[in-house]
Structure formats: structure tokens, C-alpha cells
Amino acid sequence: MVFYFTSAVVDPQFTIYMGKDKYENEDLIKHGWPEDIWFHVDKLSSAHVYLRMPKGKTIDDIPPEVLVDCAQLVKNNSIQGCKMNNINVVYTPWANLKKTGDMDVGQIGFHRQKEVKIVAVEKKINEIVNRLEKTKDERFPDLAAEKEARDREERNEKKAQLQEQKRREKEEQKKKKEMEELRNYTSLMKSENMKTNEDGYDSDDFM
């Protein structure tokens, strides 16, 4: 089971999701999207929360209001963290998550520590948590199928872009060839005209 939440503090709204337990977290790690940003309470046990960004947007494009929503949701879903003030929440792109065979279920590391960001959470804000909880939707998604559909769509988009690029290049080459032929024709006509003018007409030929 995966829990989905909606952050509607900005327009367009954002989708936030998390697994029910550490076993589902494994599936989320495995089938995450490049657009996903992962959140977790720093140095404490907590839910793995993901924010799905629009295509083409990065971790630096997260609206501040949405970042607060994610941080509050992570804090609220930490057994220890929800009772504490002044905690840190770490977040990083899904692609930066590192999972090796010797790690426990639900445990994760990072490929590049410099890509991990931190947001401080002073205290729980009930208004935010309650607003998000009202949007909570429990689903049983086929994560592997959704990921494959997303990747297939991306492949088709790239294929279409490549075809369009080739079409434009072909059209450009055609125009270039036509212009070259036109220049050659113009040059030839000038040459012929000059030759004709040099020859002129000799009246003696008609006498």
C-alpha cells in the first residue's frame, strides 16, 4: 500500500507519497522516477517520503511552501521525530539514492553526499499536517508498470524529438543546396552575359 497526499499550497499542485512500511519502501526505492525527491528525518527512523516534481524541474525548483509540507509530513511520520522539536530533514533526488546488498530492508545510502540538502524543522505545525492528512489516498499501485509506462513515454518523446531534428536538418540541407544551385546559376548567367557583350555585333558580317 502506498499513501498519496496532495500539496495544494501552490498552483499547479504537487503529489507527495510514501510507503506503508519498510518493505514497501524497498519497492519505492527500486521503482522511483527521475522526477522524484526523497525525504527522511536526519539520523532518526522515519517514513520515506517522496515528492514528484514536474518534468524538467529539479530539487532547486521546489517551492518553499511545498518543501515545508514535505518536511512536516516526514516529521509527523517519525516515531521519535514527531515528539521532538528542532530536527533536520534531509532530501535528495531519487537518482542519488544508493542501495547495496548488505543493507537492511528500508536502509539507504547516497551516491554523492554533496547532493543531499537539509531543511530544519522547528516544531510540528498541526494546521499543515491536518491539511495534508485530509488529502490522504491509499492505493495499491503497480509501481513497476507505472515506471515502465513513464520510461516508455520518455523514449517515445526522445524518438519524436530525434525524428524532428533529422527532419529539420534534412530541410536545412535542402535549402542550402537550393541556394547553392541558385548562386551557381546566377554566376553562370552573369558569365554568359559578359561573354555575349564582349562578342558584340560586327556590321561587316552583313555586308
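Heads up: numbering here begins at 1 and tracks the sequence.
Judged by distance alone, the side chain of D104 and the main-chain N or O of Q107 form no donor-acceptor pair under 3.5 Å. Between the E115 side chain and the N96 main chain, no donor and acceptor come within less than 3.5 Å of each other. With hydrogens and angles disregarded, a donor-acceptor distance shorter than 3.5 Å links the side chain of N77 to the backbone of L73. A distance-only check finds no donor-acceptor pair linking the side chain of S46 to the backbone of S78 [under 3.5 Å]. Proximity of a side-chain donor or acceptor of N130 to a complementary backbone N or O of E127 within less than 3.5 Å is not detected.
Screening K158, K159, K166, E164 against L162 for a side chain to side chain contact (heavy atoms under 4.5 Å, CB included) leaves a single residue, K166. Here the rule is side-chain hydrogen bond (donor to acceptor under 3.5 Å, both in side chains) with R150, and of E148, E154, E146, E153 only E154 fits it. K174 pairs in a side chain to side chain contact (heavy atoms under 4.5 Å, CB included) with only one of the listed residues (K177, E172, E178), which is E178. Considering D69, N126, T6 in turn, D69 is the only one that fulfils the side-chain hydrogen bond (donor to acceptor under 3.5 Å, both in side chains) rule with R131. The side chain to side chain contact (heavy atoms under 4.5 Å, CB included) test with I87 is passed by exactly one of K43, K75, E122, K123: K75.
Its side chain within the 4.5 Å cluster rule, L97 clusters with V2, Y4, Y17, L28, I29, W38, Y50, V90, W94, I108, F110, V116, I118, L143 among the Ile, Leu, Val, Met, Phe, Trp and Tyr residues.
Interatomic distance, E65 CD to F14 CZ, rounded to the nearest 0.5 Å: 9.5 Å. To the nearest 0.5 angstrom, K170 atom NZ is 16.0 Å from R168 atom CZ. Atom CD of residue E133 and atom CD1 of residue I128 lie 13.0 Å apart, to the nearest 0.5 angstrom. Atom-to-atom distance recorded for H111:NE2 and T92:OG1 is 10.0 Å, nearest 0.5 angstrom. One finds the CG atom of L67 at 10.0 Å from the NZ atom of K117 (value rounded to the nearest 0.5 Å). C82 SG to N76 CG: the interatomic distance, rounded to the nearest 0.5 Å, is 6.5 Å.
Nearest heavy atoms, R112 versus A95: NH2-O, 4.2 Å. Of all non-hydrogen atoms in P93 and I59, the two that sit nearest each other are CD-CD1, 3.9 Å. Nearest heavy-atom pair across V74 and A47 is CG1-O, 4.3 Å. The heavy-atom pair separating V10 from P63 by the smallest distance is CG1-CB, 4.0 Å. Considering all non-hydrogen atoms of both residues, A71 and V121 come closest at CB-CG2, 3.7 Å. Closest non-hydrogen pair, G109 versus M103, comes out as N-CE, 3.7 Å.
K136 NZ: more than 12 foreign heavy atoms inside a 6.0 Å radius. Applying the 6.0 Å contact sphere to NZ of K147 captures more than 12 heavy atoms from other residues, nucleotides or ligands. Shown here is R155, whose CZ atom has more than 12 heavy atoms of other residues, nucleotides or ligands within 6.0 Å.
Evaluation of the ring pair (Phe, Tyr, Trp, His ring centres under 6.0 Å) test over residues 136-183, restricted to residues two or more places apart or in two chains, returns none.
For the pair I62 and M53, the minimum side-chain heavy-atom distance is below 4.5 Å. Within the 4.5 Å cutoff, the side chain of Q72 has heavy atoms near those of the K124 side chain. In this structure the side chain of I16 reaches within 4.5 angstrom of the side chain of V49, judged on heavy atoms.
No chain of hydrophobic side-chain contacts below 4.5 Å, direct or via other Ile, Leu, Val, Met, Phe, Trp or Tyr residues, connects F39 to W33. Neither I79 nor V41 shares a network with the other; the hydrophobic side chains, linked directly or stepwise wherever heavy atoms of I, L, V, M, F, W or Y lie under 4.5 Å apart, form separate groups for each. No chain of hydrophobic side-chain contacts below 4.5 Å, direct or via other Ile, Leu, Val, Met, Phe, Trp or Tyr residues, connects V129 to V66.
Judged by distance alone, the side chains of Q173 and E169 never bring a donor and an acceptor atom under 3.5 Å apart.
At a threshold of 4.0 Å, the pair K55-E157 counts as salt-bridged, since one of the basic side-chain nitrogens sits closer than that to a carboxylate oxygen. The existence of a salt bridge linking E138 and K20 is excluded, since no basic side-chain nitrogen approaches an acidic carboxylate oxygen closer than 4.0 Å.
The aromatic rings of H40 and H48 stand perpendicular to each other, their planes meeting at an angle above 60°, with 30° marking the opposite boundary.
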